[in-house]
Number of protein chains: 2
Amino acid sequence: MLAIGEFSRLTHLSVKTLRRYHEAGLLVPAAVDRATGYRSYDGHQIPTAQVIHRLRELDVPLADVRRIIESGDPDRRAALVSDHLARLEAELDRTRSAVVSLRRLLDPDPVPLSVELRAVPVTTVAAIEDDVDGDSVAAWFAGALAELDAAIGTRTGPPGGVYDNSLFEEGRGHVLLHLPSADPPRRGRVRPVTLPAVELAVATHVGPHDDSDITYGELGSWVVANALAVAGPVRETYLVGPADDPDPAAWRTEIGWPIFRMT
Amino acid sequence: MLAIGEFSRLTHLSVKTLRRYHEAGLLVPAAVDRATGYRSYDGHQIPTAQVIHRLRELDVPLADVRRIIESGDPDRRAALVSDHLARLEAELDRTRSAVVSLRRLLDPDPVPLSVELRAVPVTTVAAIEDDVDGDSVAAWFAGALAELDAAIGTRTGPPGGVYDNSLFEEGRGHVLLHLPSADPPRRGRVRPVTLPAVELAVATHVGPHDDSDITYGELGSWVVANALAVAGPVRETYLVGPADDPDPAAWRTEIGWPIFRMT
DNA sequence: GTGCACTCTCCCCCCGGGGGAGAGTCACGT
DNA sequence: ACGTGACTCTCCCCCGGGGGGAGAGTGCAC
């Protein structure tokens, strides 16, 4: 049996950390002296400690580590691990896109933004709407667009989206994706929806959707500078999207902010 | 001028977060009503908010973000950003190696470990020693080995290292790197050092150094199972290292644990 | 029996926020 | 001139995954 200090030396986990893992039920000492509280570890626990160490290096949350450790089934264990690796991969994508748009933000000679005021009449479209979490918007979007395309047949115009502000403020909100349709069907989640008339300040974002925040910000600056105020959810129109061109650099998204004049 | 809520909508930063950035001096409102405490933002602050947003997505610490924002010089700014990107790259390496060694740990049929007991006599070597942080060991190692090679001329045997336990326990400790030499020189940081005689439990680790923890653990299990105790700092011998073979999978490192028999 | 290394619990700190309480303020409509 | 609802303020507690250190108790060798 090993004292906690010895076990710490053997596993390269600090004594503090070992106590925490005991407390969390991750790595319970083989014995605890009930009089003194001294922890005793068994040599067989070293491999487990190693696995925990590696998983923590991958930033697997302690609760997940516990699930992985406790599942005796190697298949289920492998599944849990690869789940986390997929999450890391997603994280990496996020990082990559942040780098791209950061470079764009720090670009010393930025592309000037042209903003257009446009009155949009009442429109009836084929739409799918939902309440969605901010981090699952991309997946929702892809699914909804596929279902819309299937319901419509041939596109007569580019798809559009309507995004509630709470999606950006609180990470969750109402989202609507639509395709133009002369006679919107009711099939699956697809419904005819009538969008109200609005006056939009429109700017076109070129590039992947991840850095549309930049155009959002520029558009926001413009709206403020022109003494206008924002009224209602943002609208986007995907003039050129993933379905039209595989290269994200070629995508063109119209961002429309409903406004009213502060006269 | 914009109220905090409006500014939040324009930048997609939560009100809570904007207040925190004010507190941290990162993004100070253009005006604060001294009677009510209400914050007012200027439209010109939107681009700054965007940059902060992106930097935070890259997990740049708030203090660093502040330095980047405050430095008007674009060159210095670019340097600070690319510093952080280098850190992210290093992080990615760490992640990759953790994945590799995790796979190895979960390997259902592991390579059996052979451990040898070996009496090592007193030896005098050419050495560089230092107190080093755990995360800068790799860089220190490369620099020290290059300096040793330059001082020795031609190697008459593989390099070795002696690592204080506190390096693993507290993340900082005494480190010694040495090459065999009949007549150790004194040049630069190189000094003759006499290593004491020890009895070692030796195992050979095959593969990159990142996952040597695995062999450490197996060696630890063996030591415990054979009723031995650890006495003193770990020794490593780099039989095949980066200088000998560019492929990490071919590297061979002897790990030697000083022991004494608990008779 | 005495010193020293070890271990125990407990509390506070770090980061970058989120949640919510309770109070004060603004602007709109009647 | 007064609601009333939306907005904003400060303040405190919470999260995860530890680190630092205080103060007290223990194990072991000399």
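Keep in mind that the numbers below use all heavy atoms, side chains included, and drop hydrogens, waters and symmetry copies. None of the values given here were measured: they were computed from a predicted structure. Naming convention: chains lettered A, B, ... in sequence-line order (proteins, then strands); numbering from 1 in each chain.
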[N], OP1 or OP2 - any side-chain N/O from [X] closer than 4.0 Å?
{"X": "A:Arg19", "N": "C:dC8", "answer": "yes"}
{"X": "B:Arg39", "N": "D:dT10", "answer": "yes"}
{"X": "B:Ser14", "N": "C:dG18", "answer": "yes"}
{"X": "B:Thr17", "N": "C:dG18", "answer": "yes"}
{"X": "B:Tyr21", "N": "C:dG17", "answer": "yes"}

Given [options], identify the nucleotide with an atom nearest to the side chain of [X].
{"X": "A:Pro61", "options": "D:dG17, D:dG27, C:dG16", "result": "D:dG17"}
{"X": "A:Leu62", "options": "D:dT26, C:dG16, D:dG17", "result": "D:dG17"}
{"X": "B:Thr36", "options": "D:dG27, C:dG16, C:dC26", "result": "C:dC26"}

Please report the distance, rounded to the nearest Å, between [atom1] in [X] and [atom2] in [N].
{"X": "B:Glu6", "N": "C:dC26", "atom1": "CD", "atom2": "C1'", "answer": "12 Å"}
{"X": "B:Leu18", "N": "D:dC9", "atom1": "CG", "atom2": "P", "answer": "10 Å"}
{"X": "B:Glu23", "N": "C:dG16", "atom1": "CD", "atom2": "P", "answer": "12 Å"}
{"X": "A:Ile52", "N": "D:dG16", "atom1": "CD1", "atom2": "P", "answer": "17 Å"}
{"X": "B:Leu13", "N": "C:dG16", "atom1": "CG", "atom2": "P", "answer": "14 Å"}
{"X": "A:Asp33", "N": "D:dG27", "atom1": "CG", "atom2": "P", "answer": "7 Å"}
{"X": "B:Leu27", "N": "C:dG17", "atom1": "CG", "atom2": "P", "answer": "12 Å"}
{"X": "B:Glu57", "N": "C:dG17", "atom1": "CD", "atom2": "P", "answer": "11 Å"}

Working for side chain to side chain contact (heavy atoms under 4.5 Å, CB included), residues A:Val198 and A:Arg235
CA-CA 10 Å; A:Val198 280; A:Arg235 300 194 181 188; 3.6 Å; yes
Please work out if A:Arg56 contacts a base, only the sugar-phosphate, or nothing of the nucleic acid, heavy-atom cut-off 4.0 Å.
sugar-phosphate
For B:Ala3, which contact category applies under a 4.0 Å heavy-atom criterion: base, sugar-phosphate, or nothing?
sugar-phosphate
Which of these passes salt bridge (Lys or Arg N to Asp or Glu O under 4.0 Å) with A:Arg87: A:Asp64, A:Asp93, A:Asp59?
A:Asp64
Earlier contact from the 5' end, DNA chain C, for B:Ala35 and B:Asp59:
B:Asp59
Checking only heavy atoms, does the side chain of A:Lys16 share a donor-acceptor pair with the base of D:dG17 at less than 3.5 Å?
no
Do A:Ile52 and A:Ile69 have side chains that approach each other closer than 4.5 Å (heavy atoms only, starting at C-beta)?
yes
Within the side chain of A:Thr11, is there an N or O that forms a donor-acceptor pair under 3.5 Å with the backbone of A:Ala49?
no
Which residue lies more 5' along DNA chain D, comparing A:Arg20 with B:Val15 via nearest heavy atoms
B:Val15
Reference residue A:Ser8; test side-chain contact (heavy atoms from CB on, under 4.5 Å); the match among A:Leu2, A:Thr17, A:Leu13, A:Leu18
A:Leu18
Exactly one of A:Val234, A:Leu195, A:Val193 should register a side-chain contact (heavy atoms from CB on, under 4.5 Å) with A:Val162. Which one does?
A:Leu195
